[in-house]
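One structure is given here, and the rest of the page talks about it.
Chain letters run A, B, ... following the sequence lines, proteins first, then strands; residues in each count from 1. Atom set for the values below is all heavy atoms of this structure, side chains included, hydrogens, waters and symmetry mates excluded.
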Protein chains: 2
Amino acid sequence: MALAYALLSSLLVDGSQSGYDVVKCFDEQISCYWRATHQQVYKELREMEKKGWTCSETIAQTQRPNKTVYSITDLGRQELTAWVLQPSQPTAIREELMAKLKSGFLVPPTALIAELARRQQIHQAGLNALKAMEATDFPTVFTAGAKSLSYEARLYHLALRRGIRYESEWVEWCEEAIQAIGDYQQ
Amino acid sequence: MALAYALLSSLLVDGSQSGYDVVKCFDEQISCYWRATHQQVYKELREMEKKGWTCSETIAQTQRPNKTVYSITDLGRQELTAWVLQPSQPTAIREELMAKLKSGFLVPPTALIAELARRQQIHQAGLNALKAMEATDFPTVFTAGAKSLSYEARLYHLALRRGIRYESEWVEWCEEAIQAIGDYQQ
DNA sequence: ATTTAATATTAAAATATTTGCATATTATTT
DNA sequence: AAATAATATGCAAATATTTTAATATTAAAT
């Protein structure tokens, strides 16, 4: 259900888009707080149109295949507003790596260290991508501070900040874990 | 699928347990990296028994209803070991609050601040619980340092550390967000 | 005595997510 | 000319998770 609202918030803030555009937007930016596949996105956009939360227009293209561009409707905006006002619970965490660590004494420490190093790289890459996004989308933050942003931009910047914190924390924890396991090797 | 392995790792490390005990263990500790409902737990324990990964024994009790205690088998241990050796992907993040923030300009800033303060409390409570767990389960860490732990304990301590980092980061981010939104109020 | 709480477990429907497969158009490269 | 890549979209099965609804035993509280 929240997927629908994540889509609506993208249509509202990032503007009207085709399913393909939304998917790209999700892959690039939104995945730092909501991951979705293209199958989910296309389906949900169609279902929201049935409910009148989105409307669509087919755009003929010569350079590329035609596309269907979706926009948020007034009803969609109302629904989104109502949803934003609802309290939300923290996400259920399901982190395989932690279960693996708990029974990590079953395998050679080198295997754990290798996997942790791999994970650290993944999160470092994620962190770099988010920082690049911050530099691109919010350049004034670095010169004039976050207060220079419009209210709308500042809100989205906060979501990005959370992504940056999250990935940073992962990188640091991986480092801590690699060091710790190293203590037990001779 | 990972649920099965999260269960096996608990049976291995925390010892043989009834479904009820496992659920309690998940609610108290394991939920910091793997959340599961009791319905999931009981079902998966039964299914793993069919596959020979766990075995069970009915324990007659007089003070309480009878219970079925599950243990990990050699096969289960082998399967778990093989799984631990597999690389694992970072979890897909799905955080409603961030989508709400992105379209947060639709509602009064006070509503956002109230929700963020509520969330901050939830994460502060989670953090306190994890720190209490650390003090209870790993008391020597505070006196003799983490190096005093056995390898097995240290590995699990690392998972707990990740939980502590995660909740701390949330508390800090909530503070940052509350301050930021405050900047736009007069 | 009756209600409430804790222990202990199960079934099944409803949702959500993942995975595999498919199709079609246009631009670009080999 | 043919292959590849990017754009653009869809269906359906398989899994996983959440939600709703039960049932039964024992201890403790009202």
Side-chain angles (χ1 to χ4, degrees), chain A residues 1-8 16-28 30-31 33-51 54 56-70 83 86 88-96 99, chain B residues 1-8 16-28 30-31 33-51 54 56-70 83 86 88-96 99:
Chain A
M1 202 198 39
L3 169 61
Y5 297 103
L7 288 166
L8 286 179
S16 299
Q17 297 167 85
S18 68
Y20 190 83
D21 293 330
V22 173
V23 169
K24 266 206 299 189
C25 188
F26 265 63
D27 285 347
E28 285 162 17
I30 296 172
S31 68
Y33 65 83
W34 202 277
R35 189 183 301 177
T37 62
H38 75 269
Q39 291 92 336
Q40 281 179 291
V41 170
Y42 283 112
K43 192 178 178 203
E44 195 65 48
L45 286 171
R46 273 177 274 138
E47 281 173 14
M48 285 197 294
E49 188 169 22
K50 281 184 213 151
K51 289 192 280 191
T54 56
S56 71
E57 194 190 356
T58 303
I59 307 288
Q61 294 186 121
T62 53
Q63 311 279 307
R64 290 167 186 186
N66 296 345
K67 65 181 176 181
T68 304
V69 170
Y70 290 86
W83 180 74
Q86 296 295 121
S88 48
Q89 290 180 301
T91 311
I93 305 170
R94 294 202 180 81
E95 202 62 67
E96 283 195 8
Chain B
M1 202 198 40
L3 168 62
Y5 297 103
L7 288 167
L8 287 179
S16 299
Q17 296 166 86
S18 68
Y20 191 84
D21 293 330
V22 172
V23 169
K24 266 207 299 189
C25 187
F26 265 64
D27 285 347
E28 284 162 18
I30 296 173
S31 67
Y33 64 84
W34 202 276
R35 190 184 301 177
T37 61
H38 73 270
Q39 291 91 336
Q40 282 179 292
V41 169
Y42 283 111
K43 192 179 177 203
E44 195 65 47
L45 287 171
R46 274 178 274 140
E47 281 173 14
M48 286 197 294
E49 188 168 23
K50 281 185 211 151
K51 290 191 281 191
T54 55
S56 71
E57 194 190 355
T58 303
I59 307 288
Q61 294 186 122
T62 52
Q63 310 280 308
R64 290 168 185 184
N66 297 344
K67 66 180 176 181
T68 304
V69 169
Y70 290 86
W83 180 74
Q86 296 295 121
S88 49
Q89 289 180 303
T91 311
I93 305 169
R94 295 203 178 83
E95 201 63 67
E96 283 195 8

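Counting non-hydrogen atoms of neighbouring residues, nucleotides and ligands closer than 6.0 angstrom, the CD atom of E57(B) reaches no more than 12 such neighbours.
Distance from the side chain of K67(B) is smallest to dA8(C) among dA8(C), dG10(D), dT18(D). Among dA11(C), dT18(C), dG10(D), the nucleotide with an atom closest to any side-chain atom of T37(A) is dT18(C). Nearest nucleotide to the side chain of M1(B), out of dT17(C), dT9(C), dA16(D): dA16(D). Relative to the side chain of T68(A), the nucleotides dT9(D), dT17(D), dT17(C) differ in distance, and dT9(D) lies closest.
Side-chain N/O atoms of H38(B) and base N/O atoms of dT10(C) include a donor-acceptor pair closer than 3.5 Å. A donor and an acceptor atom sit less than 3.5 Å apart, one in the side chain of Q39(B) and one in the base of dT20(D).
Heavy-atom minimum distance, Q17(B) versus C25(B): OE1-CB, 3.8 Å.
OP1 or OP2 of dT9(D) sits under 4.0 Å from a side-chain N or O of Y42(A). Residue Q63(B) has no polar side-chain atom (N or O) positioned under 4.0 Å from OP1 or OP2 of dT26(D). OP1 and OP2 of dT17(D) both lie 4.0 Å or more from every side-chain N or O belonging to R94(B). Of the side-chain N and O atoms in Q61(A), none sit less than 4.0 angstrom from OP1 or OP2 of dT25(C). In terms of phosphate contacts, Y20(A) brings no side-chain nitrogen or oxygen within less than 4.0 Å of OP1 or OP2 of dT9(D). A sub-4.0 Å separation between OP1 or OP2 of dT7(D) and a side-chain N or O of S18(A) is absent.
Rounded to whole Å, atom C1' of dT10(C) lies 12 Å from atom NZ of K50(B). dA16(C) atom C1' lies 18 Å from atom CD1 of I93(B), rounded to whole Å. Nucleotide dT17(C) holds its C1' atom 14 Å from the CD atom of E47(A), rounded to whole Å. The CD atom of E28(A) sits 10 Å away from the P atom of dT7(D) (whole-angstrom rounding). One atom, CG of D21(B), and another, P of dA6(C), lie 16 Å apart when rounded to the nearest Å. If you take CG of D27(A) and C1' of dT7(D), they are 14 Å apart, rounded to a whole angstrom. Note: CD (E44(A)) to P (dC11(D)) measures 14 Å, nearest angstrom. What separates CD of E96(A) from P of dA16(D) is a distance of 11 Å, to the nearest Å.
Residues P65(A) and R46(A) both approach DNA chain D. Their nearest nucleotides, taken by heavy-atom distance, put P65(A) toward the 5′ side. When the nearest nucleotides of DNA chain C are assigned to R64(B) and Y70(B) by heavy-atom distance, the more 5′-ward of the two goes with R64(B). Nucleotides of DNA chain C nearest to W34(A) and K43(B) differ in position, and the one nearer the 5' end is that of K43(B).
Side-chain contact check for M48(B) versus E44(B): some heavy-atom pair is nearer than 4.5 Å. With contacts defined as side-chain heavy-atom distances shorter than 4.5 Å, the pair L7(A)/F26(A) qualifies. When side chains are defined from C-beta on, W83(B) counts as touching E96(A), because their heavy atoms get closer than 4.5 Å.
Here the OG-OH distance, from S18(B) to Y70(B), works out to 9.5 Å after rounding to the nearest 0.5 Å.
Nucleic acid contact class of R35(B) (heavy atoms, under 4.0 Å, all strands): none.
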